[in-house]
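Let me begin by presenting the structure, written as structure tokens, before commenting on it.
For the numbers below, each heavy atom of this structure counts, side chains included, while hydrogens, waters and symmetry mates do not.
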Amino acid sequence: MLEKTYTPETVEDRRYREWEEGGFFKCGQNAERNSSDETFTIVIPPPNVTGSLHMGHALNNTLQDIMIRYQRMRGLDVLWQPGTDHAGIATQMVVERQLAQNGEPNRRDMGREAFLERVWKWKEESGGTITGQLRRLGASCDWSRERFTMDEGLSRAVLKVFVQLYKENLIYRDKRLVNWDPALETAISDLEVQQQEIQSNLWYFRYPVEGEDGTYLTVATTRPETMLGDSGVAVHPDDERYKHLIGKHCILPLVGRRIPIVADAYADPEQGSGAVKMTPAHDFNDFEVGVRHNLEMINIFTTTAHINENAPEKYRGMDRFEARKAIVEDIEALGLLEKIDDHTHMVPYGDRGGVPIEPYLTDQWFADAKTLAKPAIESVEQGRTKFVPENWTKTYYEWMRNIQPWCISRQLWWGHQIPAWYGPDGEVFVEETEELAYAEALAHYKDKGDVQSVEMLEEGRGLERDPDVLDTWFSSALWPFSTLGWPDETPEVARYYPTSVLVTGFDIIFFWVARMMMMGLHFMKEEPFHTVYVHALVRDEKGAKMSKSKGNVIDPLDLIDQYGADSLRFTLTAQAAQGRDVKLATSRVEGYRNFMTKLWNAARFCEMNECLPVDGFDPAAVGQTVNKWIVGETVKAERAVRAGIESYRFNDAASSAYQFVWNVFCDWYLEFAKPLLTGDDAAAQVETRATAAWVLEQILKLMHPMTPFITEELYDHLKGENRSKPLIVSDWPVYDDGLIDAAADADMNWVIKLISEIRSARSEANVPPAAKMDAILVEGGDAVLSRAKAYMDLLGRMARIDGISIGEAPKGALQVVVDEAVVALPLAGVIDLDAEKARLEKAIAKADGEITKIDKKLSNQGFLAKAPDEVVQENRDRLAEEKAARDKLANALERISAAL
RNA sequence: GGGCGCGUAGCUCAGCGGGAGAGCACUGCCUUCACACGGCAGGGGUCACUGGUUCAAUCCCAGUCGCGCCCA
């Protein structure tokens, strides 16, 4: 016997273990059921190995799991490929912090090799907590295939890709400005840079013009310290104020350098003074101007953003903010500070290091993203990969068409070390192994006749590997095929690539989608996925982004503890409407927890009434109208849920299931079934038990992808001893359209309407709920009478009437109108006549309103001429109905008034 | 500045050319033999505003106002 409420904590771990240990998550296990040899594959967007489950993951993985479970039940060979990425910066930071806390030697003191050992140790002990958390969510990933971007196989894929792209000239080394994080001392991606609005100042400095005593050019800057690296001043070519100075020079104060005044449209006459100091080595825009005008690139910072030896001695060693202060003071002392304005502007911050990033001129490795992006753009243009919702294609195009060279090197230790070796003269050799690089180098220097280098190499010296590692996203870009075993020609690559759909939040379209598209197309010659489903962000209930600093983070694991994984999953699913963010309120989760309890109790009711599945039960063969009706409703519900899942309208799937379970099955069918289940008609009882069990079983199937735990638990109870296989691998139902019986529908809808009307009238007229009476059919005649008599059990139980016969409405009776029928309930003395009169008047007013509206429509010639026939007919029918109802209500009102 | 999106019941949101919906909250009644995490009934909306297209607009188009987010 089921308990009164569902307790997720006693079910979830146990069920999950059964699934996983039973091998039901494994790809290929479904193959014998699968006649069409169709596969369905999703690669998980690999979470960060240092990460833990947040709401975004919960939504993302719930939706993936719904598709995976649905397709698995449909009998497809399903692969949900899980794993994590090595998160270069984040992981290195975690371990460094740990070392500091333990008072152990820092990274540099312990050396690269020892440090990497520590990182691996950390990974084995504490990495990947998120995979355990995904299990708690119910994610049915094939854990036997779990991968990590630093795995041997995936690392091999990285090496191969790097070397091949290098040899195809799609990877190259270059000295360019990159986003430099001075806290972490590494280049970072422009996607890892967050712009923050900062209230600061605009400083106006006067730069003396060479050879013209007393003439100054005023420049405005937000970063005074960079003036130490100035190598020019730009003015707009059409700016009348400065035209005469173009071609002349300024003498850079404090430094004494002679710097040219150049004309460039980049200088905006409206901004600041209209003249802009140029620091090409420390600003992206200045860099461009510098290239155009051949300005010197003077790097004034160390890797930690302290002033270096390229600046006057006084400032060397100062940190950038100290230097700013000193320079402003010194400029002022020279009388060259014109003014300081308040100024709010955007300052780039590194999202990991948390300090402002520096545009910094260094040697880095770059991928030719522009070339790689071309086919990736075409794939979407030509519809081979499509975005859902479709409008994300715009974002994708926007970014891909303006893509910049991708800086792929990082000055870190944790990651895939770049397979490039430098010879004694700095010549670079890129190969998958040191041996190959060595051979290549030897051949090169022999060929060149460089005896000294050949000698060094032969002694095992002179070849040094590039110390840098690759951007984590370089390896994640290969994820859809590297996880399947590529570069080996594995059966998995052949079978599961390309994957079916990628599920992701829009915030990582650039990180994920774009890069996987580029790499997938280049190396596999085929898109990595046909569909990209972009879901929303999860926000707090007020719509603010969840963040630790705001303190509005809701931990999905807390919600799972409190309400169960299914409640959380269903909440997220029900709110996953396309194109709108999910605003999560716990009251919502609580509401869906109540829904889980409702389902539980429906099953409990079935259990108590011995509703057990009957082998060979044929839903087409039921005889009772209520059973015919619920079978048809089940078919409709399956259609709605299926359509929702298949069209990525998960909220529709959830609400269809919700409505069917609660508002159809529980509210009506189970109530209708009660007299049959407890009555003396043995045949009807047997049929109803079987039907109820069948419908419940269908419900468990339809809901399983969304709420796997409770459905599996109930399925187990329902099946009892005869259970052959668990719900997770049961067959998704396929129904015959013929199961929808129009006559049964019409009858049951009429019964529902009549019961609702009677209940409503009784309630509004303050009839005591317990009062029962005979009903009198005032209008409607024999046809209605026999229909009502056929369902007397239901009417009796749910509308509380004893019987029905044709007659006159007694004085002061309650009267309800349903279609052609007027039913009177003789309750003189019990009912509140004024309330009843008011009720009828209200109903008449409502009908009048409708009649006026429809009348207006039907008297419009344009409508009659141009609207589709069925719409016109529908309105005519409705008008007739409303008029008939209005007349009946008016009669009823007259009778009540007479009784007053 | 460019792009995307949103303004529908007190709150959170579906619906998106032909009868205004859900959940929560609220009110009244009901401890009825599945469920009070429940049942029954009910109140509550010029679908932001202004124009346009259409026989018909919450829905399509344009503009206005307000609010988000992304990119510069």
Side-chain angles (χ1 to χ4, degrees), chain A residues 1-6 190-191 195 284-285 346 389 391-395 397-399 402 506-507 509-510 536-537 539-545 563-564 567 571 574-609 611 649 651-652 654-655 658-659 662-663 666-667 670-671 673-674 677-678 755-756 758-770 797-800 839 849-850 853-854 856-868 870-872 874-875 877-879 881-882:
Chain A
M1 175 74 175
L2 292 170
E3 295 296 319
K4 216 167 165 179
T5 51
Y6 170 59
D190 40 358
L191 295 172
Q195 301 291 334
F284 287 99
N285 292 312
M346 302 300 267
N391 38 342
W392 290 110
T393 50
K394 252 192 175 153
T395 306
Y397 286 147
E398 184 64 22
W399 194 69
N402 296 302
F506 66 82
D507 47 335
I509 288 179
F510 310 133
L537 247 43
R539 301 173 177 281
D540 74 3
E541 56 190 305
K542 296 189 193 85
K545 209 166 168 171
Y563 299 107
S567 306
T571 307
Q575 297 210 94
Q578 286 184 10
R580 200 194 268 254
D581 286 342
V582 174
K583 286 185 199 158
L584 190 74
T586 32
S587 62
R588 212 71 201 253
V589 186
E590 193 182 326
Y592 290 118
R593 186 273 319 267
N594 295 350
F595 176 51
M596 295 301 119
T597 309
K598 187 74 181 177
L599 172 63
W600 184 262
N601 276 287
R604 185 163 179 261
F605 173 84
C606 289
E607 187 188 37
M608 291 170 72
N609 285 281
C611 303
R649 301 173 72 94
N651 56 318
D652 286 350
S655 65
Y658 184 100
Q659 276 176 36
W662 201 316
N663 304 125
C666 293
D667 287 350
L670 291 183
E671 295 303 325
K674 281 175 183 173
L677 290 170
T678 56
I755 292 170
S756 301
I758 293 176
R759 279 174 169 175
S760 178
R762 289 176 60 122
S763 173
E764 285 192 51
N766 298 319
V767 176
R797 186 180 263 270
M798 297 173 73
R800 300 201 66 75
R839 184 183 74 87
E850 288 298 315
K853 252 162 79 178
I854 305 168
K856 202 176 145 202
K857 218 176 217 185
L858 284 170
S859 53
N860 179 340
Q861 287 310 308
F863 175 74
L864 295 176
K866 296 193 178 170
E870 61 268 27
V871 173
V872 176
E874 189 191 315
N875 278 278
D877 293 347
R878 270 187 54 215
L879 182 64
E881 280 166 30
E882 291 290 350

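- With B/rU12, B/rG19, B/rG28 as the choices, the nucleotide that has an atom nearest any side-chain atom of A/Gln575 turns out to be B/rU12.
- Atom P of nucleotide B/rA56 and atom CD of A/Gln861 are separated by 13 Å, given to the nearest angstrom.
- Contact record, A/Ala574 with A/Tyr592: CB-OH, 3.5 Å, taken as the closest heavy-atom pair.
- No engagement by A/Ser655 is indicated, since no non-hydrogen atom pair under 4.0 Å with the nucleic acid exists.
- Of the candidates B/rA34, B/rG15, B/rA41, the closest approach to any side-chain atom of A/Lys674 belongs to B/rA34.
- For B/rC13, the paired nucleotide is B/rG21, the pair qualifying as Watson-Crick or G-U wobble because both relevant distances are below 3.5 Å.
- Applying the 4.0 Å criterion to OP1 and OP2 of B/rC33, one finds that A/Thr678 has every side-chain N and O outside that range.
- Base pairing of B/rC59 is not made with any nucleotide, judged by Watson-Crick or G-U wobble geometry with both donor-acceptor distances under 3.5 Å.
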- Go through A/Glu671 and A/Lys674 one step at a time and tell me if the salt bridge (Lys or Arg N to Asp or Glu O under 4.0 Å) criterion holds. CA-CA 5 Å; A/Glu671 295 303 325; A/Lys674 281 175 183 173; 3.1 Å; yes
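- Residue contacts shown for A/Pro768 are absent, as no nucleic acid heavy atom lies under 4.0 Å away.
- Here A/Arg649 lies in heavy-atom contact (under 4.0 Å) with sugar-phosphate atoms only.
- In this structure, the nucleotide among B/rC55, B/rA34, B/rG19 sitting nearest to the side chain of A/Glu882 is B/rG19.
- With rounding to whole Å, A/Glu590 atom CD is found 14 Å from B/rG38 atom C1'.
- For A/Val872 against A/Leu864, the heavy-atom pair with the smallest separation is CG1-CD2, 3.8 Å.
- The two atoms that bring A/Arg762 and A/Pro769 nearest to each other are NH2-O, 3.3 Å, heavy atoms only.
- In this structure, B/rG7 and B/rC65 make a Watson-Crick or G-U wobble pair, each of the two defining distances being under 3.5 angstrom.
- A/Gln195 comes within 4.0 angstrom of no nucleic acid atom, judged by non-hydrogen atoms across all strands.
- Not one side-chain nitrogen or oxygen of A/Arg588 sits closer than 4.0 Å to the OP1 or OP2 atom of B/rU12.
- Here B/rA41 is the nucleotide among B/rA41, B/rU12, B/rC35 with the atom lying nearest to any side-chain atom of A/Arg759.
- Rounded to a whole angstrom, the distance from the P atom of B/rU8 to that of B/rA14 is 11 Å.
- If you take atom C1' in B/rU27 and the same atom in B/rG19, they sit 27 Å apart, rounded to whole Å.
- Nucleotides B/rC59 and B/rC26 place their C1' atoms 30 Å apart, quoted to the nearest Å.
- Among the atoms of the strands shown, none is found under 4.0 Å from any heavy atom of A/Cys606.
- In terms of heavy-atom proximity, A/Trp662 sits nearest to A/Lys598 at NE1-CE, 3.5 Å.
- Across all strands shown, A/Glu3 has no heavy atoms under 4.0 Å from either base or sugar-phosphate atoms.
- Comparing B/rG39, B/rC35, B/rA34 against the side chain of A/Met608 picks out B/rA34 as the nearest.
- In this structure, A/Asn594 does not reach the B/rC35 phosphate: none of its side-chain N or O atoms is under 4.0 Å from OP1 or OP2.
- Judged by Watson-Crick or G-U wobble contacts below 3.5 Å, the nucleotide B/rC26 has B/rG42 as its partner.
- Side chain of A/Pro769, nearest nucleotide from B/rC35, B/rC30, B/rG18: B/rC30.
- Residue A/Ser760 has its side chain nearest to B/rG42 when only B/rG18, B/rG42, B/rC55 are considered.
- B/rG23 sits 14 Å from B/rC37 when the C1' atoms are compared, rounded to a whole Å.
- Backbone-only engagement by A/Arg604 is indicated by non-hydrogen atom pairs under 4.0 Å involving sugar-phosphate atoms exclusively.
- Judged by distance alone, with hydrogens and angles left aside, the side-chain atoms of A/Arg759 form a donor-acceptor pair with the main-chain N or O of A/Met798 at under 3.5 Å.
- Using a 4.0 Å heavy-atom criterion, one finds that A/Tyr6 contacts no nucleic acid atom at all.
- The minimum heavy-atom distance between A/Thr571 and A/Leu584, with the atom names listed, is CG2-CD1, 3.9 Å.
- The distance between atom CH2 of A/Trp392 and atom P of B/rG3, rounded to the nearest whole Å, is 15 Å.
- Contacts of A/Ala865 with the nucleic acid, taken as non-hydrogen atoms under 4.0 Å apart, are absent.
- Closest approach to the A/Asn391 side chain among B/rC29, B/rC35, B/rC4 is made by B/rC4 (side chain taken as heavy atoms from C-beta onward).
- When rounded to the nearest whole Å, the span between NZ of A/Lys394 and P of B/rC71 equals 18 Å.
- Following rounding to the nearest Å, A/Asn860 (CG) and B/rU54 (P) show an atom-to-atom distance of 13 Å.
- Comparing the P positions of B/rG44 and B/rA9 gives a spacing of 14 Å, expressed to the nearest Å.
- Both A/Gly862 and A/Tyr658 lie near RNA chain B, and the one whose nearest nucleotide falls closer to the 5' end is A/Tyr658.
- Distances shown here put a side-chain N or O of A/Trp662 below 4.0 Å from the OP1 or OP2 atom of B/rG39.
- Taking atom C1' in both B/rG1 and B/rC60, the straight-line distance is 29 Å, to the nearest Å.
- Taking a cutoff of 4.0 Å between a charged side-chain nitrogen and a carboxylate oxygen, A/Arg878 and A/Glu881 do not qualify as a salt bridge.
- In terms of heavy atoms, A/Thr586 sits closest to A/Tyr563 at O-OH, 4.4 Å.
- Put simply, CG on A/Leu879 is 20 Å from P on B/rG18, counting in whole angstrom units.
- Map A/Leu864 and A/Leu670 each onto its nearest nucleotide of RNA chain B; the residue landing nearer the 5' end is A/Leu670.
- A straight line from CD of A/Glu671 to P of B/rG39 spans 10 Å, rounded to a whole angstrom.
- For the pair A/Met798 CE and B/rC33 P, the computed distance is 16 Å after rounding to whole Å.
- Relative to the side chain of A/Ala867, the nucleotides B/rC35, B/rA20, B/rG18 differ in distance, and B/rG18 lies closest.
- Of the candidates B/rC35, B/rG18, B/rC37, B/rC37 carries the atom nearest the A/Thr5 side chain, counting heavy atoms from C-beta on.
- Using a 4.0 Å heavy-atom criterion, one finds that A/Glu764 contacts the sugar-phosphate atoms exclusively.
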